[in-house]
Amino acid sequence: MRRILLTALISFGLLACGKPTVNDFEVVCGIFESISRQQDSLTEETMLRVSMKKIREQLVEGSPARDSWEAITGAPMSERYNLFKEGADATLKRNWECPAMKAVIEASAHPSLTENRSS
C-alpha cells in the first residue's frame with residue numbers, strides 16, 4: 001500500500017513540473033500550523049475533516065499539494081506525514097519539512113501523547 005501511495009505522490013509531482021508548487025506545500029503547512037494551535041480540542045476525525053476542508057478551500061484542483069494530501073488520507077495516520085513529505089520532496093526537488101504538520105499527525109496517531117500534554 002505504501003508503495004502505491006508513494007507512486008501516486010510522485011506521479012502528481014511529475015505532472016506538476018513547470019507549475020508553481022512551492023507555495024502550495026507551504027499553504028498546507030500553514031493550515032497545519034493553524035490546526036496545531038487548536039490540536040488539544042480536535043479528535044483525529046475532526047482534524048482530518050478540518051485539514052481536508054481547508055486544503056480544498058485554499059488550493060485549486062490539480063494542485064500537487066492538494067492531490068498529495070487527498071492521496072494519503074486513506075493511509076494509516078502514522079504514515080501520512082512521511083508520505084506527504086516524500087511527495088513534497090519529489091515535487092519540489094528539495095527537502096521539505098513542516099514541523100506543525102508532523103506534530104499534529106503524530107499526536108493524532110498516538111492520542112496518549114496529546115492526553116499527557118494536556119494533563
Original post:
Hey, does the side chain of D89 reach the backbone of W96 with a donor-acceptor pair shorter than 3.5 angstrom?
Top reply: yes
**OP:** Scan for disulfide bond (SG atoms under 2.5 Å apart) pairs involving residues 56-87, sequence neighbours excluded, and state none if there are none.
**Re:** none
Original post:
If you measure only the distance, is there a donor-acceptor pair under 3.5 Å linking the side chains of N82 and K102?
Top reply: no
Subject >> Near-ring test W69/F25, centroid separation under 6.0 angstrom >> reply: no
Subject >> E106 side chain near M101 side chain, heavy-atom distance below 4.5 Å >> reply: no
**OP:** Would you sort out whether D24 and R66 count as a side-chain contact (heavy atoms from CB on, under 4.5 Å), showing the intermediate values?
**Re:** CA-CA 8 Å; D24 290 351; R66 178 177 169 171; over 6 Å; no
**OP:** Decide side-chain contact (heavy atoms from CB on, under 4.5 Å) for N95 and K85; before the verdict, give the C-alpha distance in whole Å, the side-chain angles of both, and the deciding distance to 0.1 Å.
**Re:** CA-CA 8 Å; N95 184 40; K85 181 185 176 346; 2.5 Å; yes
If you look only at distance, which donor and acceptor atoms sit under 3.5 Å apart when one is on a side chain in residues 53-62 and the other is two or more places apart or in another chain?
from, atom 1, to, atom 2, distance (Å)
K53, NZ, E57, OE2, 2.9
R56, NE, E70, OE2, 3.1

**OP:** First locate atom CD1 of I31, then atom OG of S36, and finally report the distance between them rounded to the nearest 0.5 Å.
**Re:** 12.5 Å
Original post:
Would you say the side chain of V28 lies within less than 4.5 Å of the side chain of F84, judging by non-hydrogen atoms?
Top reply: yes
Original post:
Tell me the disulfide bond (SG atoms under 2.5 Å apart) pairs involving residues 53-100, sequence neighbours left out?
Top reply: C29-C98
Original post:
What pairs with T73 under side chain to side chain donor-acceptor pair (under 3.5 Å), at least two apart in sequence or on another chain?
Top reply: none
**OP:** Considering non-hydrogen atoms only, spot the tightest contact between A100 and E33 and give its length.
**Re:** CB-CG, 3.5 Å
